[in-house]
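So the structure is just underneath, and the comments pick up after that.
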2 protein chains.
Amino acid sequence: MNKKYSIKDIAKLSGVSVATVSRVINDNGRFSEETRKKVQKVIRDTDYHTNFSAKNLRMNKSFSVGILVPDISNYFFANVVQKIEKILFKQGYSTIICNTARDEKKELAYLKMLESKGIDGLIVISGAKAFDISKLKTPQKIPFVCIDREPKDKQNTVFISSDHYQGAVEATNSLFEAGCKFPIIASHSRTSSSSSYRLRGFKDALAKNNITYNKSKNHIVLDSDNITKKLNQFLELEPQIDGIFAINDSIAINVLSALLKIGKSVPKDIKIIGFDNDPQDIHSYPTLSSIKQDTDKIAQVTVDNLINLINHTGITGESITIPVSLIQRESSK
Amino acid sequence: MNKKYSIKDIAKLSGVSVATVSRVINDNGRFSEETRKKVQKVIRDTDYHTNFSAKNLRMNKSFSVGILVPDISNYFFANVVQKIEKILFKQGYSTIICNTARDEKKELAYLKMLESKGIDGLIVISGAKAFDISKLKTPQKIPFVCIDREPKDKQNTVFISSDHYQGAVEATNSLFEAGCKFPIIASHSRTSSSSSYRLRGFKDALAKNNITYNKSKNHIVLDSDNITKKLNQFLELEPQIDGIFAINDSIAINVLSALLKIGKSVPKDIKIIGFDNDPQDIHSYPTLSSIKQDTDKIAQVTVDNLINLINHTGITGESITIPVSLIQRESSK
DNA sequence: TTGTAGGCGTTATCAA
DNA sequence: TTGATAACGCCTACAA
């Protein structure tokens, strides 16, 4: 049972001082090629690796970042979080995921825990209100970036977001192009940064097609209960409806099965398109058209910017918009 | 810009020694009620919190655990991981999630990274082969528990698993009870600890109903490509088939849409039941019957056992089986 | 009941 | 180019 090696052991074994070993390890400072080789051989032979607790203590870093996410069971969120985590891991960072369940109190509690864990940075995904880190009265504020959620103080952070507006425009246009005359939007009652952009895109696409958006005629609000009933009532009042842009795929799927129950045929009677390109879209019947967000790019851009903020390099105050793409399937043919 | 407080500051502010402060914080050792109050007040006033890097360094712990998971986009895995993470977070542990993508090389690479990060414990979820931690030649071996994956050396670990066998028996029986005469099982070609138990359950349920399992007549293997074509061929050869037990919901959903394309009616012509109770089950058409795993319990038991292993309390060498439950929906009525 | 002091593994400053 | 050493914040024998 050989104990773990420390930098001191490596120093002794290779006949140099700890300072030199540290310099070789971090490729920092000056040393001869000869000593580098000597030291590196010993490191390999002993299978030494650095103790991060010690390093972090000394450097006053934790190499961990927190992620605040409203609902990890949502496909888009889960997907982005997973990709962020992978990229961060490669760079030596650990990730602490906090599912706030859209609860402000929970969010604050998590924030305090994260703060006390000494995270180096924070990623905030979506959520109802603008994100206000000043709720924490930490001496030195934690660098953070926001995805799909406007920060209250844009000065020292970066705001990253898909082009929700453009996605909504394209989705709505695709309904018109498929022959729809009276499309509506289906949304939940929650508002968020991304959903309001999507709504705006829908309205503008309507306007381009000479329809004036009317809240009671072009917009149905559906939360998870009573969807079939509400939809049925709405359709009886507005029987001319022939297209639905659902603000996300979860709602789209719900609408789809509600329509089947009501006895409507999709896409013959009514066409549907969603948003997010959930994997289940290809298993619905009919398969669901959608707008795909570029989660790879979102994750990469997010991490790049956060690391820059942590290292005090790069620019802040930016807003970065990531393009989306239209995925045509059966439901809007 | 007030700097961060350390235990030394708290000591000075409350007029006691650092040792006493430490004792109060950890409720460890003896001290008077008076000093406790004094110290705790100062801690509250200063909003002090402990520096974990220092604590971990001193105590030779990291308060972090790794999770090896084959595919985080799978609902069951994601669900369990999320719940484990939440429970661990409450206990002060960070979680490092590693998506191995069922790749042995990746798994080993991740293991080494985790080892070098100094994790206190490891959770291993599913995977093809028995888990062999001896691939790592760490001096002190890392405590670990396995979910749905047999450990190579059962002595020093705990094996946790749903009752896959019983679930498969109940699923198959429910098909018989719904009137099926010739049920088959649909599986992927991968084998895993859980899938072989499910297969065994299916076979035994068949036997109980006086059918001898025959690989070519009662078993169809479907991977993600060509599902509709393969299923169609199989059904032409075996037209008497009237029930399908899919080894998981992902396959079940695929089978369902394939059947609809072929022109079969579910559940009239063929009944289906899956396994895992994915959330999408209630959005398929018809809704999908399934076997539900108790992820809350799995997560809790897993964490409890791992923490015990880390603290050298509790028993090892155990296998723990968690009950499952049948969820009847339209597809097997 | 409380205090003193050493040491965990690193990095960085200062000398050599 | 290298080495000695202080310091990071904490816990814990040992002493008082």
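Letters go in sequence order (proteins before strands), and every chain restarts at 1. Computed from heavy atoms alone, side chains included, the values below leave out hydrogens, waters and symmetry copies.
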**Prompt:** How long is the line joining CD1 of A:I25 and C1' of C:dG9, in whole Å?
**Reply:** 10 Å

**Prompt:** For the pair made of NZ in A:K12 and P in D:dA4, what is the distance, rounded to whole Å?
**Reply:** 12 Å

**From C:dG3, C:dT10, D:dT12, nucleotide with atom closest to A:S6 side chain** = C:dT10

**Item:** Nearest-angstrom distance from the residue atom CZ of A:R23 to P of D:dA4
**Value:** 11 Å

**Request:** To the nearest Å, give me how far apart NZ (A:K8) and C1' (C:dT10) are.
**Result:** 11 Å

**B:E104 atom CD: more than 12 heavy-atom contacts under 6.0 Å** = no

**Asked** A:L57 side chain: which of D:dC8, D:dC10, C:dC8 is closest?
**Response** D:dC8

**Message:** The side chain of A:N51 is closest to which nucleotide in this list: C:dA12, C:dG3, C:dT10?
**Reply:** C:dT10

**Request:** Determine, step by step, whether B:T316 and B:T157 satisfy the side chain to side chain contact (heavy atoms under 4.5 Å, CB included) criterion, reporting the C-alpha distance in whole Å, the side-chain angles of both residues, the deciding distance to 0.1 Å, and the verdict.
**Result:** CA-CA 5 Å; B:T316 69; B:T157 182; over 6 Å; no

**Prompt:** Starting at the 5' end of DNA chain D and moving along, which residue's nearest nucleotide shows up first, B:F52 or A:G29?
**Reply:** A:G29

**Request:** Could you tell me the separation between the CZ atom of A:F63 and the C1' atom of C:dT10, rounded to a whole number of Å?
**Result:** 12 Å

**Request:** Looking at every strand, decide which applies to A:V18 at a 4.0 Å heavy-atom threshold: base, sugar-phosphate, or nothing.
**Result:** base

**Fill in**
Testing C:dT10, C:dG3, D:dG9 for proximity to the side chain of A:Y48, the answer is C:dT10

**Asked** If you find the nucleotide of DNA chain C closest to B:A19 and the one closest to B:A54, which residue's nucleotide is nearer the 5' end?
**Response** B:A19

**Request:** Nearest whole angstrom, please: distance from the P of D:dG9 to the CG of A:N60.
**Result:** 7 Å

**Asked** Quick one: A:M59 CE to C:dG9 C1', roughly how many Å, whole number?
**Response** 13 Å

**Message:** If the threshold is 4.0 Å, N to carboxylate O, is there a salt bridge linking A:E33 and A:R36?
**Reply:** yes

**Prompt:** Under the 3.5 angstrom rule, does the side chain of A:D153 hit a backbone N or O of A:Q155 as a donor-acceptor pair?
**Reply:** yes

**Asked** Can you tell me if the side-chain N/O atoms of B:N28 get under 4.0 Å from OP1 or OP2 in D:dT12?
**Response** yes

**Request:** Between A:H49 and B:S17, just flag the one whose closest nucleotide in DNA chain C comes earlier from the 5' side.
**Result:** B:S17

**Request:** Check whether NZ of the Lys or CZ of the Arg A:K86 lies under 6.0 Å from the centre of the six-membered ring of A:F89 and within 45 degrees of that ring's axis.
**Result:** no

**Asked** What is the distance, rounded to the nearest whole Å, between atom NZ of B:K4 and atom P of D:dA7?
**Response** 21 Å

**Positions of residues 30-46 of chain B (non-hydrogen atom under 4.0 Å from DNA chain C), listed by number** = B:R30, B:F31, B:S32, B:T35

**Request:** Quick one: label B:S53 by what it contacts on the DNA or RNA (base, sugar-phosphate, nothing), any heavy atom closer than 4.0 Å.
**Result:** nothing

**Asked** When you check the gap from the basic side-chain N to the acidic O, do B:D9 and B:K4 get nearer than 4.0 Å?
**Response** no

**Request:** Name the nucleic acid region contacted by B:N26, choosing base, sugar-phosphate or nothing; use a 4.0 angstrom heavy-atom cut-off, strictly under.
**Result:** sugar-phosphate

**Request:** Look at the side chain of A:R149 and the backbone N and O of A:K129, then say whether any donor-acceptor pair between them is shorter than 3.5 Å.
**Result:** yes

**Message:** Other residues, nucleotides and ligands only: do more than 12 of their heavy atoms fall within 6.0 Å of NZ on A:K297?
**Reply:** no

**Request:** When you get a sec, tell me which of D:dC10, C:dT10, D:dT12 is the closest nucleotide to the side chain of B:I7?
**Result:** D:dC10

